[in-house]
Amino acid sequence: MSADLPIQEPKSLHFIEEIVEADRATEKHGGRVLTRFPPEPNGYLHIGHAKSICLNFGLAKTYGGATNLRFDDTNPVKEDVEYVDSIREDVQWLGFQWKGEFYASDYFPFMYDYAEYLIQQGKAYVCDLSEAEIREYRGNFHVPGRPSPYRDRSPAESLDLFRRMKAGEFPDGSKVLRAKIDMHAGNMNLRDPLMYRIRRAHHHRTGDAWCIYPMYDYAHGVSDAIETITHSICTLEFEDHRPLYEWFLEQDADGKFFQRPLPRQIEFARLNLTHTVMSKRRLLQLVQEGIVSGWDDPRMPTICGLRRRGYTPEAVRAFADKVGVAKRDMVADVGLLEFCIREDLEKRVPRRMAVLRPLKVVITNMTEAEAFEVEVPNHPDDPTMGTRRLPFTRELFIDQEDFREEAPKKWFRLAPGAEVRLRGACLLTCRDVIKDEAGTVVELRCEWDPASRGGTAPDGRKVKGTLHWVSAPQALKAEVRLYDMLFTQSDPMDVPEGQDWKALLNPASLEVIAEARLEPSLAGARPGERFQFERTGYFAVDADSITDRLVFNRTVGLKDSWAKIEAKQ
RNA sequence: UGGGGAGUAGCCAAGUGGUAAGGCAGCAGGUUUUGAUCCUGCGUACCGAGGGUUCGAAUCCUUCCUCCCCAACCA
């Protein structure tokens, strides 16, 4: 054993892993692990879902199990096929492959049969109370519920009514099927919860075959049990639904319907992220009011938004891993997400030079005939990524941010009389500043040191600043979209009294640069390709790109310690 | 005057009676043809508060406080 092997600390298990390991140790489920990801097809997946996806699929992967994708489509008025494709695509993009693809609606016949069984056992009854009456009878936190007058209807009568509900004999909302549990329960979920409602709505899969639809609490556990899910993982708000989850399954006393042992529901804290919103309602509002360009706007915390922004699935998975799994309400810092994408892109993405806000530089002591090519590495620490050749001519562009007429303290960049290095090319000194009538700097007259080709001076003189640049004649023009946080405030829901949450939107969440200048090697970059623009950030080619007109999205900027230094001065 | 959860550094999060892991952020240095990366070092966390048990408690008991979820024919 070599002594310099890194000592791997065993990664501590989170509480769900501990449960799974304990179950495997006792051979519950024969050591089997089968999880499920159960989205309702009524919206796009976001980073919070990504955490759940990574948890469910990750658990299956580490314990040699599998995960089912199950669309929870029990409410036809809210769900649509439009979403199932996007959900599939997002899960796959994250790098996961499900075992079975199911729909809760696949189980409608089974659920119906089990419901009849529960009626026959005296565990469920048809209730004729109106919606308002049901609410009234249910009581509240301080007042116990009262039994529905239909609670003691005979099983035979309920059965007949339930069959006629299914047959479409009754109007929507006129009757429901209820579980007979406990109208005095402190847990409101147990006060004879609804199992079925009448709803004449076209279902995206079953069409008009049904006019009664099961409720979540009934359908979910039954679906899990049918699929012989071992661990049914959901978020904290379902904690007090767990007794109901268990109740429905345990009523199968003879074991005629479900395989044992039954699945176990486990709850964990959902992901929240600073500087963004995650609720479906809020996200929808951003889209509908045109605050963002769509569900895949790169500012959105949706999976498709992150993808378009240039995030990698590896980075999203690393993030999900780093935020952990626990039961405490949590808000992850968006900075951690940014750390994860930088960490991934830093090692895998080639470097390029791009000037976002061009400032023309003319090298006065160079003729056009003296133009040459430089060879620069595609990655400073990874020679296997190769090199590329760039033209260097007497007319260049550098970034406006890299020149100051009055250099502040510790300024390593260009200023009158100052010398900098042009990355991979040469050393350059600023001699003159040309301004327009308004006094804005429009051009720099500089001199290069012909002996410094490649970027090092033969006399060994030190030059601290290195700038990125592009040769003007060959430069490509491109649109660059600079994205930033959607909200200025860490918690956008913490709105001051009487103010609209939208007042907290970051007005600078998108800045479009219409004419950035890129090095010519970027010609032909394909949508989805990612690069680091040196000293600027990581960028991905957007699908809006057309021939001769590339569009780049800034995924995330590089860390900028100069900005910090200057802020402190 | 109900039920269910949770409280460990700015944000996450280990820890399961033996004297507080780790990551992000931050700070200070070093390396560097990206002020990037990389490397090094840095945190009296009085473990929500008070009592108690114990030789010893973040971990056990107890009282209290705070925060979150629940009264859709939503999921």
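Proteins come first, then strands; the chains are lettered A, B, ... in the order of their sequence lines, and each starts at number 1.
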Next on the checklist: Measure CD/A:Glu237 against P/B:C70 and give the value in whole Å, please.
Outcome noted: 8 Å
Next on the checklist: Whole angstroms only, please: what is the CG-C1' distance between A:Asp344 and B:A36?
Outcome noted: 16 Å
Next on the checklist: Roughly how many Å apart are B:G51 and B:A58, using the P atom of each and rounding to a whole number?
Outcome noted: 14 Å
Checklist entry - Which of parallel (below 30°), tilted (30 to 60°) and perpendicular (above 60°) describes A:His46 and A:His49? => result tilted
Item to check | RNA chain B contacts among residues 177-186 of chain A, heavy-atom distance under 4.0 Å | outcome: A:Gly186
Checklist outcome for this item: Protein-proximity profile, nucleotides 12-17 of chain B, B/S/- by nucleotide at the 4.0 Å heavy-atom cutoff, equals SBSSB-
Checklist entry - So which nucleotide from B:G2, B:U34, B:A72 ends up closest to the side chain of A:Met188? => result B:G2
Checklist entry - Quick one: are A:Arg264 and A:Ser232 in side-chain contact, heavy atoms under 4.5 Å? => result no
Next on the checklist: Closest approach to the side chain of A:Arg351, judged atom by atom: which nucleotide of B:A72, B:A36, B:C70 is it?
Outcome noted: B:A36
Checklist entry - Hey, is A:Tyr216 doing a stacking thing with B:C74, by the 5.5 Å centroid and 30° angle criteria? => result no
Checklist entry - Taking atom P of B:G4 as reference, at what distance in whole Å does atom CZ of A:Arg191 sit? => result 13 Å
Checklist entry - For A:Tyr196, which of A:Tyr125, A:Phe162, A:Tyr216 qualifies under ring-ring contact (aromatic ring centres under 6.0 Å, His included)? => result A:Phe162
Checklist outcome for this item: Closest to the 5' end of RNA chain B, once A:Glu131 and A:Gly455 are matched to their nearest nucleotides, is A:Gly455
Checklist entry - Do A:Asp449 and A:Arg421 pass the salt bridge (charged side-chain N to carboxylate O under 4.0 Å, His left out) test, and can you show the C-alpha distance, the side-chain angles, and the key distance before you say yes or no? => result CA-CA 10 Å; A:Asp449 176 356; A:Arg421 175 168 32 242; over 6 Å; no
Checklist entry - When you measure from every atom of RNA chain B, which of residues 239-246 of chain A have a heavy atom less than 4.0 Å away? => result A:Glu239, A:Asp240, A:His241
Checklist entry - How would you label the contact of A:Lys568 with the nucleic acid (heavy atoms, under 4.0 Å): base, sugar-phosphate, or nothing? => result sugar-phosphate
Next on the checklist: Check the phosphate of B:C74 against A:Asn75, side-chain N and O only, distance under 4.0 Å to OP1 or OP2. Yes or no?
Outcome noted: yes
Checklist entry - How far, in whole Å, is B:G50 from B:G22 if one measures between their P atoms? => result 27 Å
Checklist entry - Which whole-number value in Å describes the distance from A:Asp560 CG to B:U37 C1'? => result 14 Å
Next on the checklist: Just to be sure I understand the rule, does A:Leu129 reach a base, reach only the sugar-phosphate, or reach nothing, if contact means heavy atoms closer than 4.0 Å?
Outcome noted: base
Next on the checklist: Quick check on RNA chain B: between A:Lys78 and A:Gln532, whose nearest nucleotide comes earlier from the 5' end?
Outcome noted: A:Gln532
Checklist entry - A:Thr74 side chain N/O closer than 4.0 Å to the phosphate oxygens (OP1, OP2) of B:A75? => result yes
Checklist entry - Between A:Tyr107 and A:Phe102, what is the ring plane arrangement, given parallel below 30°, perpendicular above 60°, and tilted in between? => result tilted
Checklist entry - What's the closest nucleotide to the A:His142 side chain, out of B:C73, B:G2, B:C24? => result B:G2
Next on the checklist: Using whole Å, what does the distance between atom C1' of nucleotide B:G4 and atom CD1 of A:Ile266 come to?
Outcome noted: 17 Å
Item to check | Integer-rounded Å distance: B:U34 P and A:Glu519 CD | outcome: 16 Å
Checklist outcome for this item: note: A:Tyr218, atom OH; B:C73, atom P; distance rounded to Å ~ 18 Å
Checklist outcome for this item: Rounded to whole Å, CD of A:Glu79 lies from P of B:C74 at a distance of 11 Å
